[in-house]
Amino acid sequence: MLTSTKDSLQRPLADLYRQSLALLADEYELTMAYGYWKSGTAEKEAAFTVFFRKNPFQGGFTLACGLRHVIDYVRDFRFDESDVAYLAELRGADDRPIFDAGFLDYLQKMRLECDIDAVPDGTVVFPQEPLVRVVGPIIQAQILESALLNIMNFQTLIATKAARIKVAAGDRPVIEFGLRRAQGVDGALSASLAAYVGGCSGTSNLLAGKLYGIPVKGTHAHSWVMSFDTEAEAFRAYAEAMPNNSVFLVDTYDTIEGVKHAIEAGRWLKDNGHRLLGIRLDSGDLAYLSIEARRLLDQAGFRQAAIIASNDLDEHIISSLHDQGAQIGVWGVGTKLVTGYDQPALGGVYKLTAVRRPGEAWQHKIKLSEQAVKINNPGILQVNRFMRDGLFVGDVIFDEQNPPKGPVVMVDPLDMTRRRRFDDSDHCTELLRPIFRSGNLVYQLPSLDETRSYAQTQLDGFHASIKRLLNPHEYPVGLEVRLHELKTKLILKERGFA
């Protein structure tokens with residue numbers, strides 16, 4: 001029995017995270033699916049790709065993330081009784097049901113039969129390249145659209161932000177501190193996961209630690225200090241309570257005095273067989289204060305004690321503090337990481353690239369636009385990545401129905417006169433990997449730590465100019481020459497010139 005709206009509002013999390021997530025879709029996916037079913041074209045096969053048109057944060061690269069959740073979503077996909085009951089209640093302009101009972105029965109019996117290919121989490125990707133490719137019955141592939149975009153867009157955005165922050169931090173660890181500022185429960189969990197893939201060493205989010213095995217880190221808040229009569233008393237009490245996890249937040253009152261009180265607590269820890277792990281700075285002039293704190297800690301014999309900094313940090317502030325000689329050993333980054341602060345969305349899209357009736361040849365499909373960047377690439381798309389002398393040197397998008405042979409010529413899709421040639425001496429890797437075949441999972445999902453290591457290996461494979469924060473070099477990405485010719489032919493045909 002479907003609960004009333006009033007009852008549903010009393011248990012929003014239980015309703016949102018129930019077993020079936022088939023309705024994690026925009027309504028137009030279901031209205032189009034109904035149209036396919038009604039017109040007898042539900043079993044027509046289609047190819048869709050997920051891609052984006054511009055690197056986020058005005059950067060030179062993007063780090064793909066979200067496949068882990070895509071697999072969970074697709075593997076358990078089905079419409080349950082409550083889903084079809086809800087759809088049955090929807091009414092059109094004439095106050096009659098939008099969907100026939102026969103269609104709802106079809107949905108409830110439907111099981112996904114799609115082939116899905118995707119880049120592994122942690123893969124460095126670029127504009128126009130497919131992150132996910134879905135091939136299968138058009139009604140099924142269409143329904144998956146919004147959920148795949150929701151998952152891939154956000155997690156890719158946050159993984160990229162984390163990677164940029166880690167580039168700025170260099171060999172110093174970054175801890176994700178963003179739970180309290182994240183956009184809701186799922187936003188916080190997805191952000192913690194993506195930030196770890198992007199290079200963070202841990203999270204403050206205990207639920208993310210429990211669910212994903214991410215290392216968790218934490219100190220104490222100002223409220224702990226304020227609850228005691230003196231700061232020195234608060235630090236001593238914390239040291240006694242947690243002698244194996246003592247990091248002191250020193251800026252509740254006067255930061256330099258706070259460092260001195262932390263040193264006093266550190267001496268007590270040392271006398272009792274423990275050690276001072278570090279201090280945390282959360283306000284003020286972080287460059288000056290960290291330098292002074294380092295001097296005081298070193299003079300007191302606590303050279304191994306880390307200085308942790310937080311306070312609305314991002315890659316640009318971290319880079320500036322590094323240039324100022326800040327003595328910060330660990331960066332705690334929250335709001336500007338988990339919210340993708342300076343770019344709220346990636347802008348990934350899901351476009352139809354080919355259709356066919358079962359057993360027939362593929363028909364390439366293209367969407368036109370007055371903006372060249374918004375004209376999609378047609379075909380069953382795949383990407384070859386070429387490596388030369390230990391570095392990645394270019395990506396070529398091609399149609400699997402007409403794969404490259406011999407030397408590969410790449411054409412810049414926005415300037416056909418810009419071309420590159422890759423030959424057999426260049427090492428070549430296909431980016432998209434088989435994930436599902438006929439709805440069955442065929443991909444061996446790596447551990448989260450393996451994914452994180454893979455992401456770092458990927459980043460290490462690119463020239464430093466691609467990864468710099470300001471005015472990054474543009475990595476070469478283009479179309480295989482025959483795909484470019486096909487795309488041009490289709491554009492001219494649709495515009496009445498061929």
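The first residue in the sequence is number 1, and the count goes up from there. All values below come from the heavy atoms of this structure, side chains included, with hydrogens, waters and symmetry mates left out.
- Residues passing the salt bridge (charged side-chain N to carboxylate O under 4.0 Å, His left out) test with R437 are D117, sequence neighbours excluded.
- Within the 4.5 Å cutoff, side-chain heavy atoms of T451 are placed close to those of R68.
- Judged by distance alone, with hydrogens and angles left aside, the side-chain atoms of N376 form no donor-acceptor pair with the main-chain N or O of K351 at under 3.5 Å.
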What's the verdict on side-chain hydrogen bond (donor to acceptor under 3.5 Å, both in side chains) for N311 and S283, showing C-alpha distance, side-chain angles and the deciding distance? CA-CA 6 Å; N311 189 28; S283 62; over 6 Å; no
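- With no hydrogens or angles considered, a side-chain donor-acceptor pair links S82 and D80 at under 3.5 Å.
- The number of heavy atoms from other shown groups lying within 6.0 Å of CD (E240) is above 12.
- R452 places a side-chain N or O within 3.5 Å of a backbone atom of G199 that can act as its donor or acceptor partner.
- Annotation for R111: atom CZ counts as buried by contact number, over 12 foreign heavy atoms lying within 6.0 Å.
- Using a distance-only test at 3.5 Å, with no hydrogens or angles considered, a donor-acceptor pair links the side chain of Q140 to the main chain of E113.
- A 6.0 Å sphere centred on OH of Y288 holds no more than 12 heavy atoms belonging to other residues, nucleotides or ligands.
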Please lay out, stage by stage, how F57 and L157 fare under the test side chain to side chain contact (heavy atoms under 4.5 Å, CB included). CA-CA 9 Å; F57 312 114; L157 182 76; 3.6 Å; yes
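- Qualifying salt bridge (charged side-chain N to carboxylate O under 4.0 Å, His left out) partners for K260, counting only residues two or more places apart in sequence or in other chains: E257.
- A donor-acceptor pair is defined here as one N or O able to donate and one able to accept, closer than 3.5 Å; such a pair exists between the side chain of T353 and the backbone of A47.
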Derivation of the side chain to side chain contact (heavy atoms under 4.5 Å, CB included) call for Y212 and Y196: CA-CA 10 Å; Y212 304 123; Y196 190 65; over 6 Å; no
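- Heavy-atom contacts from other residues, nucleotides or ligands closer than 6.0 Å to CG of D389 number 12 or fewer.
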Show, in sequence, the C-alpha distance, side-chain angles and deciding distance for D121 and Q155, and conclude whether the side chain to side chain contact (heavy atoms under 4.5 Å, CB included) test is met. CA-CA 10 Å; D121 282 345; Q155 292 192 33; 5.5 Å; no
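- Few gaps surround CD on E233; more than 12 heavy atoms of other groups in view lie less than 6.0 Å from it.
- Around NE2 of H322, the count of heavy atoms belonging to other residues, nucleotides or ligands within 6.0 Å does not exceed 12.
- At distances below 3.5 Å, not a single donor-acceptor pair connects side-chain atoms of R53 with backbone N or O atoms of G347.
- If you check the side chains of N55 and T62, you find a donor sitting under 3.5 Å from an acceptor.
- A donor-acceptor contact shorter than 3.5 Å is absent between the side chain of E89 and the backbone of A85.
- Between the E29 side chain and the D26 main chain, a donor and an acceptor come within less than 3.5 Å of each other.
- For residues 162-173, the side chain to side chain donor-acceptor pair (under 3.5 Å) pairs, not counting sequence neighbours, are R164-E315.
- With contacts defined as side-chain heavy-atom distances shorter than 4.5 Å, the pair L313/I165 does not qualify.
- Between T203 and I175, the closest side-chain pair of non-hydrogen atoms is not below 4.5 Å.
- In this structure, the side chains of M110 and I143 come closer than 4.5 Å at one or more pairs of heavy atoms.
- A 6.0 Å sphere centred on CD of E81 holds no more than 12 heavy atoms belonging to other residues, nucleotides or ligands.
- Remark: the backbone N or O of A25 is not paired with any side-chain donor or acceptor of S146 at under 3.5 angstrom.
- Applying the ring pair (Phe, Tyr, Trp, His ring centres under 6.0 Å) rule to F154 yields no partners; only residues at least two apart in sequence or on another chain are considered.
- Ion pairing between E292 and R295 holds under the 4.0 Å rule for side-chain N and carboxylate O.
- Between the Q458 side chain and the V124 main chain, a donor and an acceptor come within less than 3.5 Å of each other.
- With contacts defined as side-chain heavy-atom distances shorter than 4.5 Å, the pair H220/F248 qualifies.
- Around NZ of K467, the count of heavy atoms belonging to other residues, nucleotides or ligands within 6.0 Å exceeds 12.
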Evaluate the side chain to side chain contact (heavy atoms under 4.5 Å, CB included) criterion for residues R275 and L277: first the C-alpha distance (whole Å), next the side-chain angles of each, then the deciding distance (0.1 Å), finally the verdict. CA-CA 6 Å; R275 65 188 180 95; L277 298 183; 3.6 Å; yes
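- No side-chain heavy atom of N377 sits less than 4.5 Å from a side-chain heavy atom of F51.
- When side chains are defined from C-beta on, P130 counts as touching L432, because their heavy atoms get closer than 4.5 Å.
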Do any side-chain atoms of residues 71-78 form donor-acceptor pairs under 3.5 angstrom with protein atoms, and if so which ones, sequence neighbours left out?
| from | atom 1 | to | atom 2 | distance (Å) |
| --- | --- | --- | --- | --- |
| D72 | OD1 | R75 | NH2 | 2.7 |

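- Annotation: F462 is in aromatic contact with F126 [ring centroid separation under 6.0 Å].
- Contacts classified as side chain to side chain donor-acceptor pair (under 3.5 Å) and involving residues 337-346 (residues at least two apart or in different chains) are given here: K161-D342.
- Between the side chains of E231 and T252, no donor-acceptor pair is found at a separation under 3.5 Å.
- Using a 4.5 Å heavy-atom threshold, the side chains of D251 and L281 count as separate.
- Side chain of S453 to main chain of E450: no donor-acceptor pair is present (N/O by atom type, distance under 3.5 Å, no hydrogens or angles).
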